[in-house]
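Here is the structure we will look at.
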Amino acid sequence: MTKTQEKGKVYLVGAGPGDVAYLTVKAYNLLANAQILVYDALVDAQLLQCVPPDCLKLDVGKRGGKPSTTQAEINKLLVKHCQQGKQVVRLKSGDPLIFGRCTSEIEALKASGCDFELVPGISSALAAPLLAGIPLTDPVLSRTFAVLTAHEPEVLDWEALSRLETLVILMGGQHLPEIVHQLVRHGRSHLTPIAIIRWAGTPRQQIWTAQLDNIVEQTTELFLSPAVIVIGQVVGLRKYLKPENIYLDEIITREPEERYSQVPAVNESIFIPQSMLSNLPSSLTLRGKTILVTRSVGQSSQFSDRLIALGATVIEMPTLEIGPPSSWEALDNAIAHLSDFEWLILTSTNAIDYFFERLIAQGKDSRALAGVKIAVVGEKTAYCLKQHSLQPDFIPPNFIADSLVENFPEDLYGKKVLFPRVESGGREILVKELTLKGATVIEVAAYQSCCPTGIPPEAQLALQNRKIDVITFASSKTVQFFCELTNKIFSDNDPSQLLEGVCIASIGPQTSKTCHFLFRRVDVEAQEYTLDGLTQALITWATNC
């Protein structure tokens, strides 16, 4: 058979998420022998180097708002070169049959009697979450997930989608506000975690994590394409599964004066407040220090990122698990009678999150709090409250419960106060002091905190091998549950012996009191009783070491 009589063939090939390392072996071999390459806009440029020098490369990518090759023209190109006896690789990003518009091309090839073959690729719908450390399934958090394109959000069944545990959305960057609006409108909690992964699997990969209620604000004016959007509780697992952060590595290798002034608040939840900038040193003060961070599951990332930005090696050991109370009855009843209360006291972000979740569940919003004054204990709870479009009426000068009572702005005698709090082990002193001031305090369980079942292997090994330089505690319960966990794992060791030579850092007086009781010492205590204050205290400690 002569060369002109050779039969052509079209290979519809998935290019994967981008990097050549994620190309299948078969796809790589086909590229290496291609005579004609017909490729899409999102195909990474490095893949074009895999074809022979004499291969004809045809860019037919569709780009929003720009002139592009029509589908009919693409079909004709494939048929034409196949009928000329060429080996044609039709290279599509991801997998060719996942939103790849292959049906039209296959129909055209079949109608013309052209031979073709489908070659699978790794879809960005699967690769992007994986490369970001987000599992799409989990025995507890996600038994199902759906993959969809939001190119035309108006045609989607949002009522059905809002009920699914995990959503993976392609081509949704331009329609993010509408996606959020439709999900919340159809019953999805505004507190649902969301991740946006741009340029997954390439050196340009960037990731933003937030919640439905603030992701639009955080990504305003950013160009979110190409991006994969993941929505669901599994996004929270990224804190424990995420790989090394390329973008963060980029930041911490800059000159010191750039490092802090240019860290964007939206990326990876890295945020160093303006109030701390003047106090930050010009070097990586915590370099060489290994810090064990003990906080609740899903709440350690921001603090850890601040420490990493200062050069520390951070190991996370969650010592609290936050969840719903055993019953919503008391909180729901209080919400139904909000007009009976003069004050609402919120002492934690957990209380705020669960309170407003139940408020929305009852078909209400912040307007139901008209006439009710709100007190919070600190800047973080105030900031969390502002996410619900509310300003606190009172923030005590020192961010502790005692200060709230001592500095309360009005006479509490005869006032009815609603106090949503942890179900057990919470602020009994606060209730007692408010009652002594003449207030009628209605305590309702808004959430529950309990001890996790185990210690992450990395944390266990670091403790066992005495590799920890500092351990941080942000509440009395983290101290108590740390002891409970270590007693289970290291039954032969007294906690104080286990932490011999380790700097114990406390967020404030109440936490320090528990540390003194269980460890018989505290080495560092924040002057401002916040995570920012604790960070500053560690900077001072490291500087004086």
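For the single chain, residues carry numbers from 1 onward in sequence order. This is a predicted model, so every value here is computed, not measured.
Both the sub-6.0 Å distance and the 45° axial angle are satisfied by R358 relative to the ring of W328.
With hydrogens and angles disregarded, a donor-acceptor distance shorter than 3.5 Å links the side chain of N214 to the backbone of Q211. With hydrogens and angles disregarded, no donor-acceptor distance shorter than 3.5 Å links the side chain of T349 to the backbone of C384. The backbone N or O of L222 lies less than 3.5 Å from no partner atom in the side chain of T219, so there is not a single donor-acceptor pair. Without hydrogens or angle criteria, D393 side chain to A375 main chain gives no donor-acceptor distance under 3.5 Å. The backbone N or O of A132 sits less than 3.5 Å from a side-chain atom of R238, completing a donor-acceptor pair. A donor-acceptor pair under 3.5 Å is absent between the side-chain atoms of S124 and the main chain of A127, judged by distance alone. Of the possible donor and acceptor atoms, one in the side chain of E165 sits under 3.5 Å from a partner among the backbone N and O of T144.
The distance from atom CG of L176 to atom CG of L212, rounded to the nearest 0.5 Å, is 9.0 Å. Note that OG1 of T166 is 8.5 Å distant from CG of D138, once rounded to the nearest 0.5 Å. One distance of note links CZ of R421 with CG of L331; it measures 13.0 Å at 0.5 Å rounding. Separating the CG atom in L286 from the CG atom in L538 is a distance of 6.5 Å, to the nearest 0.5 Å.
Taking the six-membered ring for Trp, F394 and W343 have ring centres at least 6.0 Å apart.
Counting heavy atoms from C-beta outward, P420 and L346 have side chains that approach closer than 4.5 Å. Put simply, the side chain of L338 reaches to within 4.5 Å of the side chain of L359, judged on heavy atoms. Residues Q448 and V422 have side chains in contact (heavy-atom distance under 4.5 Å, counting atoms from C-beta outward). The closest side-chain heavy-atom distance from P193 to V230 is not below 4.5 Å. Between F303 and I507, every side-chain heavy-atom pair lies at or beyond the 4.5 Å cut-off. Residues I231 and L183 are in side-chain contact: their nearest non-hydrogen atoms beyond the backbone lie under 4.5 Å apart. Inter-residue side-chain proximity for F145 and V234 is flagged as unmet; no heavy-atom pair is nearer than 4.5 Å. Considering only heavy atoms from C-beta on, V479 stays 4.5 Å or farther from V522 through its side chain.
Side chain to side chain, Q174 and S225 fail the donor-acceptor criterion of an N or O pair below 3.5 Å. A donor and an acceptor atom, one from each side chain of Q182 and E178, are located under 3.5 Å apart. Side-chain contact annotation: S506 with T511, donor-acceptor N/O pair under 3.5 Å absent.
For the pair I315 and A459, the tightest heavy-atom approach, listed with the atom from each and the gap, is CG2-CA, 3.7 Å. When every heavy atom of T535 is checked against every heavy atom of L310, the shortest pair comes out as CG2-CD1, 3.7 Å. When all heavy atoms are compared, the tightest approach of L164 to R188 is O-NH1, 2.9 Å. When all heavy atoms are compared, the tightest approach of R198 to L224 is NH1-N, 4.2 Å. Scanning both residues, T514 and S476, for their nearest heavy atoms gives OG1-OG, 2.8 Å. L485 and P452 get closest at one heavy-atom pair: CD2-O, 3.3 Å.
Under the ring pair (Phe, Tyr, Trp, His ring centres under 6.0 Å) criterion, F473 pairs with F482, F519, sequence neighbours left out.
Counting non-hydrogen atoms of other residues, nucleotides and ligands closer than 6.0 Å to NZ of K437 gives a total of 12 or fewer. Atom CD of E329 sits in a sparse spot, with 12 or fewer heavy atoms from other residues, nucleotides or ligands closer than 6.0 Å. Environment of NE2 in H151: sparse, with no more than 12 heavy atoms of neighbouring residues, nucleotides or ligands closer than 6.0 Å. Surrounding CD of Q362 are more than 12 heavy atoms belonging to other residues, nucleotides or ligands, all under 6.0 Å away.
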**OP:** Show your reasoning for whether side-chain contact (heavy atoms from CB on, under 4.5 Å) applies to W158 and I179.
**Re:** CA-CA 9 Å; W158 290 106; I179 292 168; 4.0 Å; yes
**OP:** Show your reasoning for whether side-chain contact (heavy atoms from CB on, under 4.5 Å) applies to L430 and V405.
**Re:** CA-CA 7 Å; L430 178 59; V405 177; 3.4 Å; yes
**OP:** Given side-chain contact (heavy atoms from CB on, under 4.5 Å), test V431 with F419 step by step and report yes or no.
**Re:** CA-CA 8 Å; V431 176; F419 182 26; 3.6 Å; yes
